[in-house]
Amino acid sequence: MKHKWMNSPYTFALGMFAMMVPSQAFSSFYSYFYVEKLGLGIGLATLARTIFLIWDAVNNPLFGYWSDRTNTRYGRRRPWVFGSIPLFMLAFVLVFSPPGGLSENGLFTWFLVTLIFYEAVATVLWVNYGALLPELFRGDRIRAKASVIQQGYQVVALLIGTALTPKLFAAINFSNMAIVYACVFGVFMFLCMMNVQEKKETTKTEPLKLIPAFRETIRNKKFWVFNISNSFAQTVNGLVSSMIPFYAKYVLHISEAQVSIMLAAVFVSVIPLVFVWYWIIRKMDGVKAWRLSLILYALSVIPLWFGYDLVSGVAAGIVVGFGLAGFLVTPAIVGGKIIDEDAEKTGLRREGIYTAVSGFITRSSGLISALAFFIVGMIFGYKGGDDPGSDPEATFRYLISVVPLCLLAISVVISFTIKFTFTGQLRGDADYEQKINHQL
């Protein structure tokens, strides 16, 4: 059934909102929950993330490959998403519901097993949902608008997943918080997918087999430079959000209840700023806008070093919001061009495997973040909430400002190591863009 909300970017963005509420709560508070609250050593927490990444390296391209080769009357991506909804809800609740009385080794085992389960299902969701954006919205202008709307929804989800979470777990505990967020995810993800109708591809080209498909993807130099650069910036997203509770406690010396104010400063400011970035994108080439966002993001983390109380922390958080907004909006434009160019070359729309491999590269940022936490923690003697070392303030000043600045500097340098030139627009894209532009 076709109606005005079918394939509308507003209903499509509900999927981003659905996934980001629990995902942001996880990335921001899993370290705090397991290390600070439950006493798991940061070494064991880092080991769990490392083991997961070995599995993730295998399942990401496989899920993307299977998604590209799926062919049902309901589409290629939608069946995967519908099947993953209840599994993701269960996995998220389990992560935050370890049994009481576990030893440290028992706690590590629970974290590792539930993490692998959670991340595997999350991969299926992100691969298939992520593949839909360049598939449904073709052309720079339509993608820029769709990306801005999607990121607007994402920022609301980020705000809920970070600023509201401390209040929720303080009031109803971590396990019940996870149940609430799992239900929010299920409702909005279902609404999103009920309003998606995949575009039928007319190509009769035989799909590539796994090895040729993977080989064709890894030979794409633009793809690798783009995603490796993004992975360092993505590390900063996770690192800053996960360090804010520690930063608030040890640097700003504010209460857990005021952490929500600090988090809100970052994410509320992003909502209007994504539209500023849309205006910037319309004034310049997408690649230049992406590089500019990385540079400004790097500069934006510097004020965090100078925070010393709630007011200065909030001010620094607003500055970070501008850099974050740019990085949230601009990559979709460049990534879409890379996929379109590949379709011209191969005659196939392969959003699935590109999204999957891209997801693995950027998700590896979690290991970089965990390693940074481990190394800086060891340098300053921080071992956990029970043994924070002699100078926890320095530990978290470095982790929230100096380390992100270095990572973003690397990201900027990598982004300039190749010239991004693209072939002409895919045939039919202009017409398709014009047809759906009324929805924006």
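Residues take their numbers from the sequence shown, with the count starting at 1.
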**Q** With heavy-atom distances below 4.5 Å as the criterion, would you say the side chains of Gln154 and Gln24 are in contact?
**A** no

**Q** Once ring pair (Phe, Tyr, Trp, His ring centres under 6.0 Å) is applied, do any residues pair with Phe188, and if so which ones, sequence neighbours excluded?
**A** Phe17

**Q** Might you confirm whether atom OH of Tyr398 has over 12 heavy atoms from other residues, nucleotides or ligands at distances under 6.0 Å?
**A** no

**Q** Could you give me the CA-CA distance, side-chain angles and deciding distance for Phe92 and Ser23, then say whether side chain to side chain contact (heavy atoms under 4.5 Å, CB included) is met?
**A** CA-CA 9 Å; Phe92 182 71; Ser23 296; over 6 Å; no

**Q** Considering residues at least two apart in sequence or located in another chain, which fulfil the ring pair (Phe, Tyr, Trp, His ring centres under 6.0 Å) criterion with Phe232?
**A** none

**Q** Mind checking what makes ring pair (Phe, Tyr, Trp, His ring centres under 6.0 Å) contact with Tyr250, not counting sequence neighbours?
**A** Phe396

**Q** Any pair with a residue in residues 318-335 that passes side-chain hydrogen bond (donor to acceptor under 3.5 Å, both in side chains), sequence neighbours left out, goes on the list, sorted by first then second residue, please.
**A** Ser293-Thr330

**Q** Using the side-chain contact (heavy atoms from CB on, under 4.5 Å) definition, which of the options Leu304, Val251, Val320 pairs with Ile400?
**A** Leu304

**Q** For a 4.5 angstrom cut-off between non-hydrogen side-chain atoms, does Phe380 reach Pro392?
**A** no

**Q** What residue pairs, at least two apart or across chains, pass salt bridge (charged side-chain N to carboxylate O under 4.0 Å, His left out) with a residue in residues 223-252?
**A** Glu36-Lys249

**Q** Hey, does Glu119 have a side-chain heavy atom less than 4.5 Å from the side chain of Phe26?
**A** yes

**Q** Pair Phe246, Leu399 - check side chain to side chain contact (heavy atoms under 4.5 Å, CB included), show working.
**A** CA-CA 10 Å; Phe246 298 94; Leu399 280 169; over 6 Å; no

**Q** The criterion is salt bridge (Lys or Arg N to Asp or Glu O under 4.0 Å); which residues satisfy it with Lys288, sequence neighbours excluded?
**A** none

**Q** To the nearest 0.5 Å, how far apart are CG in Leu44 and OH in Tyr34?
**A** 12.5 Å

**Q** Excluding sequence neighbours, so at least two apart, what forms ring pair (Phe, Tyr, Trp, His ring centres under 6.0 Å) with Phe33?
**A** Phe96, Phe174

**Q** Taking C-beta and beyond as the side chain, do Trp305 and Val402 meet within less than 4.5 Å on heavy atoms?
**A** yes

**Q** Taking only residues two or more places apart in sequence, or in another chain, which ones meet Glu104 in a salt bridge (Lys or Arg N to Asp or Glu O under 4.0 Å)?
**A** none

**Q** Please give me the minimum heavy-atom distance between Gly321 and Ser269, naming the atom from each residue.
**A** CA-OG, 3.6 Å

**Q** What's the spacing between Met6 CE and Thr11 OG1 if we round to 0.5 Å?
**A** 8.0 Å

**Q** Going by the salt bridge (charged side-chain N to carboxylate O under 4.0 Å, His left out) test, which pairs reach into residues 307-319, not counting sequence neighbours?
**A** none

**Q** Establish, from distance only, whether the side-chain atoms of Ser411 and Tyr297 form a donor-acceptor pair under 3.5 Å.
**A** no

**Q** Measure from the ring center of Trp290 to the ring center of Phe327 and say whether it is less than 6.0 Å.
**A** no

**Q** Could you go step by step and tell me if Thr395 and Asp391 meet the side chain to side chain contact (heavy atoms under 4.5 Å, CB included) rule?
**A** CA-CA 7 Å; Thr395 302; Asp391 195 359; 5.6 Å; no

**Q** Take the angle between the ring planes of Phe29 and Tyr32 and call it parallel below 30°, perpendicular above 60°, tilted in between.
**A** perpendicular

**Q** How about Ser415 and Val225: do any of their side-chain heavy atoms sit closer than 4.5 Å?
**A** no

**Q** For residues 225-235, which residue pairs pass the salt bridge (charged side-chain N to carboxylate O under 4.0 Å, His left out) check, not counting sequence neighbours?
**A** none

**Q** More than 12 non-hydrogen atoms from neighbouring residues, nucleotides or ligands closer than 6.0 Å to CZ on Phe416, yes or no?
**A** yes

**Q** Evaluate side chain to side chain contact (heavy atoms under 4.5 Å, CB included) for Phe12 paired with Leu132, printing each intermediate quantity in order.
**A** CA-CA 9 Å; Phe12 178 72; Leu132 284 169; 3.6 Å; yes

**Q** State the OG-CE distance between Ser401 and Met243, to the nearest 0.5 angstrom.
**A** 13.5 Å

**Q** Looking at residues at least two apart in the chain, or sitting in another chain, which of them share a side chain to side chain donor-acceptor pair (under 3.5 Å) with Gln150?
**A** Tyr129

**Q** Knowing that exactly one of Phe117, Tyr118, Tyr30 qualifies, which makes a ring-ring contact (aromatic ring centres under 6.0 Å, His included) with Phe111?
**A** Tyr30

**Q** Return each pair, listed once, that meets side-chain hydrogen bond (donor to acceptor under 3.5 Å, both in side chains) where at least one residue sits in residues 313-328; pairs must be two or more places apart or across chains.
**A** none

**Q** Evaluate the side-chain proximity of Ile85 to Phe185: yes if any heavy-atom separation is below 4.5 Å, no if none is.
**A** yes

**Q** Can you tell me how far CZ of Arg77 sits from CG of Leu125, rounded to the nearest 0.5 angstrom?
**A** 13.5 Å

**Q** Check whether more than 12 heavy atoms from other residues, nucleotides or ligands sit under 6.0 Å from atom CZ of Phe190, and answer yes or no.
**A** no

